[in-house]
*Asks:* 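Provided herewith is a single structure, encoded as structure tokens, for subsequent inquiry.
Computed over heavy atoms, backbone and side chain alike; hydrogens, waters and symmetry mates excluded. All residue numbers refer to positions in the sequence shown, counting from 1. Bear in mind that the values here come from a model prediction, so they are computed numbers and not experimental data. Whatever order the structure lists ligands and atoms in, that order sets their numbers, starting from 1.
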Amino acid sequence: MPTSDQVAGGRPAATQAGAILTIDLTAIQSNYRRLCDALSGAESAAVVKADAYGLGMTKVAPALAVAGAKRFFVAQLDEAITLRGILRTKHPDTEVFVLNGLAAGPGEDFLASGVHPVLNSLGEVYAWRTQAQNTGKALAAAIHIDTGINRLGLPEGEFDALVADPDRLNGIDLRYIVSHLACADEPAHPLNAQQLAKFQVVRQRFADAKASLANSSGIFLGSDYHFDLARPGAALYGINPTPGSANPMAQVIRLQGKILQVRDIDAPQSVGYGATHHATGPTRIATVAVGYADGYLRSLSNRGSAWIGGHKVLVVGRVSMDLITLDVTAVPRDAAHPGVYADLISPDHSVDDLSTEAGTIGYEILTSLGRRYHRIYTGA
Ligand SMILES: *Cc1c(COP(=O)(O)O)cnc(C)c1O
């Protein structure tokens with residue numbers, strides 16, 4: 001039977017969960033406004049694919065709409081239909097674009113739900129034009145031109161064919177010409193300028209459509225990259241869009257794992273599966289109720305760190321499915337005992353910090369956040 005503080009979506013109550021994930025919606029809103037300021041005039045969309053990077057699209061998207069976001073991007077058609085349903089009543093003036101395009105699902109489903117495809121090939125352009133002819137009215141879409149990432153979008157040859165025969169766009173209400181940067185988080189990478197130059201040429205060919213190039217990091221490459229619309233995701237959620245420099249964004253999440261047990265061991269004992277950590281002397285080990293099943297990545301074995309009562313502590317031994325073990329020898333006993341929460345992600349230890357320890361990027365940490373956490377949304 002659900003307890004009174006059990007939240008929607010079958011997530012556990014705080015008293016029954018191994019960890020508490022707190023998501024600050026006000027911080028997401030202030031990050032959105034900060035990006036708008038950095039754009040000085042250009043508009044900012046909001047990318048909320050993958051359940052708003054793991055933070056919960058149902059809560060995050062309306063908060064962004066309240067902060068002023070009008071255009072939303074997701075990857076998949078089902079995400080778009082869910083989002084349309086979330087925004088329809090209170091934010092009817094918002095638009096939803098599907099980055100994976102018409103390959104994401106049937107054109108009829110786009111029409112029925114009122115979401116727009118980002119067309120990624122001449123074949124999709126043709127299919128959407130046909131759909132428009134059959135429907136008897138112009139249909140909104142964006143077109144993605146690949147300028148060098150070689151992932152999605154019209155390759156150069158298909159773009160040339162489109163330019164040679166613009167009638168292929170008849171019946172398509174072309175809202176945006178889109179492209180995507182491969183190396184925006186590396187400002188000195190030569191591919192940035194190359195993609196920009198190609199995109200400027202593309203844009204001249206479709207002078208009537210608005211243009212969109214920058215993701216989070218692209219916004220910080222300078223105003224040449226801004227065009228009409230930016231498409232930030234990661235920066236909204238607190239990930240540093242300018243790696244190597246101070247993070248201009250506010251932290252959004254806090255993750256606290258509950259200590260289940262504390263034990264004293266001494267050499268020559270070892271800790272955890274595979275006996276990969278060896279005590280070299282008297283050691284106190286705290287076992288915390290978070291594991292790789294919760295998205296606390298196994299690569300953090302013997303590499304992650306956490307904070308307890310103002311003390312930095314290290315993950316020792318392997319991360320297992322439901323548990324991690326921390327060396328709390330240096331923490332006073334009254335600060336590290338069963339029932340105390342260890343900060344796994346916090347202002348002292350950001351998503352980016354944890355991702356560096358794990359040998360990955362903050363994006364993967366966020367989108368891996370588990371379903372067993374008790375979630376608390378603050379603000380908004
Ligand atoms: C995911 C994505 C974005 C957002 O990128 P961030 O780096 O998270 O800001 C923008 N555009 C496209 C095409 C994407 O796939």
*Asks:* For Ala293 versus Asp322, what's the shortest heavy-atom pair and its separation?
*Replies:* CB-OD1, 4.5 Å
*Asks:* Identify the protein heavy atom lying closest to atom 10 (C) of ligand 1, giving its residue, its atom name and the separation to 0.1 Å.
*Replies:*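 For this ligand atom, the closest protein heavy atom is Arg231 O, 3.3 Å.
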*Asks:* Quick one: closest heavy-atom pair of Ala141 and Ile172, and the distance?
*Replies:* CB-CG2, 4.1 Å
*Asks:* What residue and heavy atom of the protein are closest to atom 5 (O) of ligand 1, and at what distance?
*Replies:* Asn215 CB, 3.5 Å
*Asks:* With a 6.0 Å cut-off on the ring centroids, do Phe227 and Phe199 count as close?
*Replies:* yes
*Asks:* Would you name the heavy atoms of Ala358 and Ile365 that are closest together and state the gap between them?
*Replies:* CB-CD1, 4.4 Å
*Asks:* Can you see which heavy atom on Leu369 is nearest to which on Tyr373, and at what distance?
*Replies:*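 For Leu369 and Tyr373, the tightest heavy-atom pair comes out as CD2-CE1, 3.9 Å.
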*Asks:* Check ligand 1 against Ala234 and write out every atom of the ligand that is under 4.0 Å from a heavy-atom position of the residue.
*Replies:* 6 (P), 8 (O), 9 (O)
*Asks:* Which atoms of ligand 1 are found less than 4.0 Å from any heavy atom of Tyr53?
*Replies:*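 In order of numbering, the contacting atoms are 1 (C), 4 (C), 5 (O), 6 (P), 8 (O).
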*Asks:* For ligand 1, which atoms, with element, lie under 4.0 Å from some heavy atom of Arg151?
*Replies:* 15 (O)
*Asks:* Quick one: nearest non-hydrogen protein atom to atom 1 (C) of ligand 1, plus distance?
*Replies:* Lys49 NZ, 1.4 Å
*Asks:* Provide, to 0.1 Å, the distance between atom 7 (O) of ligand 1 and the closest protein heavy atom, together with that atom's residue and name.
*Replies:* Tyr363 OH, 2.6 Å
*Asks:* Please give me the minimum heavy-atom distance between Leu326 and Ala342, naming the atom from each residue.
*Replies:* CD1-CB, 4.0 Å
*Asks:* Under the side chain to side chain donor-acceptor pair (under 3.5 Å) criterion, do Arg34 and Tyr32 qualify, and how do the steps go?
*Replies:* CA-CA 5 Å; Arg34 217 172 278 196; Tyr32 177 77; over 6 Å; no
*Asks:* So which of Asp294, Leu300, Leu344 actually passes side-chain contact (heavy atoms from CB on, under 4.5 Å) with Ile324?
*Replies:*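 It is Leu344; the other options fail the test.
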*Asks:* If you measure every N/O of Ala235 against every N/O of ligand 1, is any gap under 3.5 Å?
*Replies:*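 No - when backbone and side-chain N and O of Ala235 are compared with those of ligand 1, no distance drops under 3.5 Å.
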*Asks:* When you compare ligand 1 with Ser216, is there at least one nitrogen or oxygen pair between them that comes in under 3.5 angstrom?
*Replies:*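 In this structure, Ser216 places an N or O atom under 3.5 Å from an N or O of ligand 1.
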*Asks:* Hey, does Leu99 come in under 3.5 Å of ligand 1, counting only N/O atoms on both sides?
*Replies:* no
*Asks:* For ligand 1, which atoms, with element, lie under 4.0 Å from some heavy atom of Pro232?
*Replies:*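 Those of ligand 1 that fall under 4.0 Å from Pro232 are 9 (O).
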